Structures are given as C-alpha cells and as structure tokens.
K.L.:
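After the structure tokens below, expect a handful of questions from me.
Keep in mind that this is a model prediction, so the values were computed, not measured.
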Amino acid sequence: QVQLVESGGGLVQPGGSLRLSCSASGIIFSIDDMGWYRQAPGNQRELVAGITSGGRTNYADSVKGRFTISRDNAKKMVYLQMNSLKPEDTAVYYCNGKIHSVLRGLWDYWGQGTQVTVSS
C-alpha cells in the first residue's frame, strides 16, 4: 500500500520557521508531480507550492519569497521550508503526489495533514 506521511507541523511565533516533511512509502516505481496544499477553517483547500518530477516549482503569491518546496527522489521525500511565518499561514497542510506503483500504475495520493499554527 502506498502512503504519504507528513511531519514537522507545530506551533510557532510570527516570523519563525518550520520545515514540513512528507515521506512516501510502499512499493513505488516513481513519483511524479508533488505539491503542498493548505486549508484553514471555513476556507477552501488551496495550493501552496508544487514541484514537478523534473524539479520545476511554483508558488502561491501569498508565500512567494518565504516558502521553498524541494524533493529528494532517492529518499522518496518532499519538503516545504517555511520562513517568516505569519498568522495567516495557520492551516492544516497536506502533502499531495502523483505516484506510480507496480500494482496500480499512476494514482493520486494525499497525506493525512499536519497542523501549522502561527501565533504569539
């Protein structure tokens, strides 16, 4: 079974930093496009950052210059470095990925979500 497991969320003060990690496990042949999404109470889930299999990245305007998405294909992991955090960054953050497994081919997966709270 393919799974995405997130870690690194928590409570930080405004201006602080967090690094979110997402680990893919299971019988995996390859990992295609990956992304981080977030959802605050009462809001729609929104794309925060995306990264293609070739390493190209894109970011929401609200996080440009502050967040950095990266991936390590050998470790089957994707990261989100979050700097200069603001209270409006508070949300549940989800890892998403298109993963190719030997059993079912390419499929879309979501992590369980990790809470990020930015508050003084």
Side-chain angles (χ1 to χ4, degrees):
Q1 181 182 7
V2 173
Q3 295 183 91
L4 297 178
V5 180
E6 297 152 313
S7 62
L11 174 64
V12 297
Q13 293 183 320
S17 297
L18 283 175
R19 190 192 192 204
L20 305 184
S21 299
C22 176
S23 177
S25 63
I27 306 175
I28 296 172
F29 176 75
S30 65
I31 304 176
D32 287 354
D33 295 353
M34 302 288 292
W36 287 95
Y37 293 72
R38 68 186 181 187
Q39 187 169 20
N43 293 341
Q44 300 279 357
R45 186 173 299 186
E46 64 175 344
L47 176 67
V48 176
I51 184 167
T52 69
S53 60
R56 289 186 174 183
T57 60
N58 64 282
Y59 300 91
D61 289 340
S62 59
V63 306
K64 285 181 179 177
R66 300 188 297 120
F67 291 9
T68 302
I69 188 171
S70 61
R71 64 191 293 164
D72 187 328
N73 291 332
K75 296 181 179 179
K76 298 183 178 65
M77 297 191 71
V78 61
Y79 309 94
L80 185 67
Q81 180 66 46
M82 308 163 64
N83 299 326
S84 302
L85 283 163
K86 305 174 181 179
E88 49 264 45
D89 294 319
T90 296
V92 177
Y93 284 70
Y94 298 90
C95 178
N96 169 259
K98 302 293 191 294
I99 300 176
H100 187 98
S101 68
V102 67
L103 293 179
R104 68 178 306 163
L106 191 65
W107 198 259
D108 189 69
Y109 294 90
W110 290 90
Q112 80 286 349
T114 184
Q115 177 70 47
V116 173
T117 302
V118 185
S119 176
S120 59

K.L.:
Are more than 12 heavy atoms, taken from residues, nucleotides or ligands other than Gln44, located less than 6.0 Å from that residue's CD atom?
P.N.:
no

K.L.:
With sequence neighbours left out, which residue pairs that include part of residues 32-120 fulfil the disulfide (SG to SG under 2.5 Å) condition?
P.N.:
Cys22-Cys95

K.L.:
Using the side-chain contact (heavy atoms from CB on, under 4.5 Å) rule, pick out the option among Val63, Leu18, Thr117 that qualifies with Leu85.
P.N.:
Leu18

K.L.:
Looking only at heavy atoms, which two atoms of Gly97 and Met34 are closest? And how far apart?
P.N.:
CA-SD, 3.2 Å

K.L.:
Between Val2 and Ser101, which heavy-atom pair has the shortest distance, and what is it?
P.N.:
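Looks like CG2-CB, 4.0 Å.
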
K.L.:
Do the side chain of Glu6 and the main chain of Gln112 share a donor and acceptor less than 3.5 angstrom apart?
P.N.:
yes

K.L.:
Please report the interatomic distance CZ(Arg104) to CD1(Ile99), rounded to the nearest 0.5 Å.
P.N.:
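Result: 11.5 Å between the selected atoms.
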
K.L.:
About how many Å separate CZ of Arg45 and CG of Asn43, when rounded to the nearest 0.5 Å?
P.N.:
12.5 Å

K.L.:
Verify, without hydrogens or angle tests, whether Tyr59 (side chain) and Arg66 (backbone) share a donor-acceptor contact under 3.5 angstrom.
P.N.:
no

K.L.:
How long is the gap from CD1 on Ile31 to OH on Tyr109, to the nearest 0.5 Å?
P.N.:
10.5 Å

K.L.:
Report yes if the side chains of Asp33 and Ile51 come closer than 4.5 Å at any heavy-atom pair, otherwise no.
P.N.:
no

K.L.:
Verify side chain to side chain contact (heavy atoms under 4.5 Å, CB included) between Glu46 and Arg38, making sure each step is shown before the conclusion.
P.N.:
CA-CA 6 Å; Glu46 64 175 344; Arg38 68 186 181 187; 2.9 Å; yes

K.L.:
Can you find a pair of side-chain heavy atoms, one from Asn96 and one from Asp108, that are under 4.5 Å apart?
P.N.:
yes

K.L.:
For a side chain to side chain contact (heavy atoms under 4.5 Å, CB included) check, start with the C-alpha distance between Asp32 and Thr52, then their side-chain angles and the critical distance, and finish with the verdict.
P.N.:
CA-CA 6 Å; Asp32 287 354; Thr52 69; over 6 Å; no

K.L.:
Would a hydrophobic clustering, with Ile, Leu, Val, Met, Phe, Trp and Tyr connected at side-chain separations under 4.5 Å, put Val92 with Trp110?
P.N.:
yes

K.L.:
Are the side chains of Pro87 and Pro14 in contact, using a 4.5 Å heavy-atom criterion?
P.N.:
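Of all side-chain heavy-atom pairs linking Pro87 with Pro14, at least one is under 4.5 Å.
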
K.L.:
Which donor-acceptor pairs under 3.5 Å do the side chains of residues 73-84 make with protein atoms, sequence neighbours left out?
P.N.:
residue : atom : partner : partner atom : Å
Asn73   : OD1  : Arg71   : NE           : 2.9
Asn73   : OD1  : Arg71   : NH2          : 3.3
Gln81   : NE2  : Asn83   : OD1          : 3.0
Asn83   : OD1  : Ser17   : OG           : 2.9

K.L.:
Applying side chain to side chain contact (heavy atoms under 4.5 Å, CB included), run through Leu20 and Ser7 and close with a yes or a no.
P.N.:
CA-CA 6 Å; Leu20 305 184; Ser7 62; over 6 Å; no

K.L.:
At their closest point, which heavy atom of Thr90 faces which heavy atom of Val118, and how far apart are they?
P.N.:
OG1-N, 2.9 Å

K.L.:
Supply the atom-to-atom distance Ile69 CD1 to Arg56 CZ, rounded to the nearest 0.5 angstrom.
P.N.:
15.0 Å

K.L.:
Can you label the angle between the Tyr93 ring and the Phe67 ring as parallel, tilted or perpendicular, going by 30° and 60°?
P.N.:
tilted

K.L.:
Stepwise, does the salt bridge (Lys or Arg N to Asp or Glu O under 4.0 Å) test hold for Asp89 with Lys86?
P.N.:
CA-CA 5 Å; Asp89 294 319; Lys86 305 174 181 179; over 6 Å; no

K.L.:
Can you tell me how far apart CD (Gln3) and OG (Ser25) are? Round to the nearest 0.5 Å.
P.N.:
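Reported value, rounded in 0.5 Å steps: 5.0 Å.
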
K.L.:
Could you tell me the separation between the CG atom of Leu103 and the CD1 atom of Ile28, rounded to the nearest 0.5 Å?
P.N.:
11.0 Å

